[in-house]
Amino acid sequence: MLLEVRHLDCYYGQSQALKEINIEVEEGECICILGANGAGKSTLLKTIAGLMKPRRGEIWFTGKRMDELPAYTIVREGITLCPEDKKIFPQMSVYKNLCLGAWIHGRKEERIKANLEHVYELFPILKERSDQDAGTLSGGEQQMLVIGRSLMSNPRLLMLDEPSLGLAPMVVNSIFETIKEINARKTTVLLVEQNASMALKIATRGYVIESGRITMAGTAEELLKNEKVKKAYLGI
Amino acid sequence: MGILLQTLINGIMLGSVYAMVALGLTLIYGILNVPNFVHGTLYMIGAYIAYFAIVSFGAPYWVGLIVSLIILFAIGILLERIVFRPFYDKPLINSFIVAVGLILVLENTALSLWGPEFRQFAAPSDKVIKVMGVMITAQRIIVIVTAAVLIWLVHLFIKKTRLGSAIEATSQNPDGALLMGINISHMRGITFGIGTALAAVAAVLVGPILLIYPAMGHTVIGMAFVIIIIGGMGSFIGAVLGGYIIGILETLVTSYITNFFTEAIIFGLLVLLLAVRPTGLFGKPH
C-alpha cells in the first residue's frame, strides 16, 4: 500500500470538514475523488500534504506515518500537491518557479536539469516562457507550471486539486492527457475533480465524498455506471 | 552651486542610511507581514555595540562594524524565533503590541546601562577631499560606497542564490514555499537577521557623523516607514529608491526652506502620494 488514510477527522475551528475518512491508494493507480463544492475534497488533499493538521486519524505513506510531520518535510517523503489556488510565485520567472520545485534535490544539478528537460518536454510552452514572470501566464499555462513544478521533485504520489478549474475545454483536454501520461510513467495520481466525466476517463478507481464523508467507492467503470453518480456528477 | 553640490552629497549620504534601514524593514515586512517597529531600536543597539567595540576595546572601525553586523544578525534571528514566531497565526495587533513592548524594554535598558548622554566614535579616516570647491569628509564617501555595495550584495544574494530564491518564494507565497519543501521558519529567521544587520551597519556607518544615544532610532524608524510606504510595502527597489529620494529631499528642505518642520513636509508628501497611488510607487495592488 502506497497511501493509507485511516479514520481521518478534520475541523475548521468548530465545524467538521472531514468525518471518518478512509482511503487506500496502491502504487501506480490513478484515483479520483468526486464531490460537490465544499464536500471536503480540497481539505483532504491539504491534510495529506501537511498544510492542515487532522484532529483525529492517521495518514500512512510507504509504511511511514505522515500526519505528525511538519508540512515542509512531506514533499521529501514523495508526496506533492498541485493546489487549487495554484500557489505559484508570481513575481518570479517560470524557470525559477520550476527550480524551486526541485528544492528538495538541493544542489544535485544533473538531476534538476534532467527534470527540467522532462517538464519542458511535457509542456513546451513553459520553455518558451521560461524567463517570463509566472504571474503573467494565462490560466492554462499557470496550471501547466503548477504540474511541472510539482514533477520537479520526482514525486511518488502526485495530488492534483481541480486541475480543470477555470480552463477552456481544449486546455482541459490537454492537461488531462498529460496527467494520464504522467500516471503511465509510474507516478501514482490522486485527483480531485468536479469535472467528473473527465476524471473518470483517466482514473482507475474513485471515491465519492459528500459533506465530509466517503459515501461511495469503486472502479471508474462502476462509478460511471452508477445511477447516483450519473445524476449528481455527470449530469446525465 | 557649491552649496547645492554639498547639500546633494549630504542628501545622498543620509539617503544611503535611510535606504539600508528601509531595505531591512521592507525585507522583514515582505516575509513576515509584520511592520517591525523594533527596527529603529535595533539600529540604536547596533550603534552602541560598535561604540563599545571601538571605544572600550580599542578595535579598529571596520572590526567594530563587522562585530556589530554579526551580533545584530544573531539578535535578529533570536527575536524572530522567541518574540515574533508565536504570533504569526494570531491577529496582527498581538505582534504590534509585542514590538512596542520590546522598544520600551530595550530602550530603557540602554538608558539605564549607558545613560542618556550623546556619544560618538571616530571615523576611520579624518581626511577631507576637495572636489569642485566642495569639501567632502572621507567618512561621507565611506557611508555612500559601503551602503551601495551592501545593497548590491543583498540584491545579488536574493536574486542569484538558492537560499535567496527560497526567501523570495516564502515572501511571495508561504504555503507554496512549504509545498516545495522549504522550511519557511528558517527563511523568516534568516531574513529577520539580514534586515536587522542592515540597520546595524547603517547605524555604524553614520556613527562618526551623527550622535549615538538611546532614542537615536526614533526619527530613523519613522522615516523608514514613510519610505517603505512610499516605495510600496515589501518592495526592494521601492525601499532603496525611496530611501535615496527621501534622504535628498530632507536635506534639500532643511538647507533651503526650513529645518523646523522637515518631517511635516515629508509626511505631507506621503499623504499626497498615497492619495494618488495607494500602493506606493512600486507596490503591488492587492
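In what follows, chains carry the letters A, B, and so on, assigned in the order in which the sequence lines appear, proteins first and then strands, with residues in each chain numbered from 1.
B:A169 and A:L100 make their closest contact through CB-CD1, 3.6 Å (heavy atoms, listed as atom of the first residue, atom of the second, distance). Scanning all heavy atoms of the two residues, the minimum distance from A:K87 to B:D175 falls at CD-CB, 3.4 Å.
To the nearest 0.5 Å, atoms CH2 (A:W103) and OG (B:S165) are separated by 6.5 Å.
Atom CZ of B:R162 has more than 12 heavy atoms from other residues, nucleotides or ligands within 6.0 Å. When the shell of 6.0 Å around NZ of A:K19 is examined, it contains more than 12 heavy atoms from other residues, nucleotides or ligands. Heavy atoms of other residues, nucleotides or ligands lying less than 6.0 angstrom from OH of A:Y11 number more than 12. For A:K113, the NZ atom counts as loosely surrounded, since its 6.0 Å shell holds 12 or fewer non-hydrogen atoms of other residues, nucleotides or ligands.
Among A:P83, A:P90, A:G101, A:A102, the residue with the largest count of heavy-atom pairs under 4.5 Å with chain B is A:P90. Contact count versus chain B (heavy atoms, under 4.5 Å) is highest, among A:R107, A:K86, A:R76, for A:R107.
The contact between A:I88 and chain B is made entirely by backbone atoms, counting heavy-atom distances below 4.5 Å. Looking at A:I74, neither its backbone nor its side chain comes within 4.5 Å of chain B, counting heavy atoms on both sides.
No side-chain heavy atom of B:E168 sits less than 4.5 Å from a side-chain heavy atom of A:Q91. Under the 4.5 Å side-chain criterion, counting only non-hydrogen atoms from C-beta, A:M92 is not in contact with B:K159.
Within residues 176-184 of chain B, the residues having any heavy atom closer than 4.5 Å to a heavy atom of chain A are B:G176, B:A177, B:L178, B:L179, B:M180, B:G181, B:I182, B:N183, listed by residue number.
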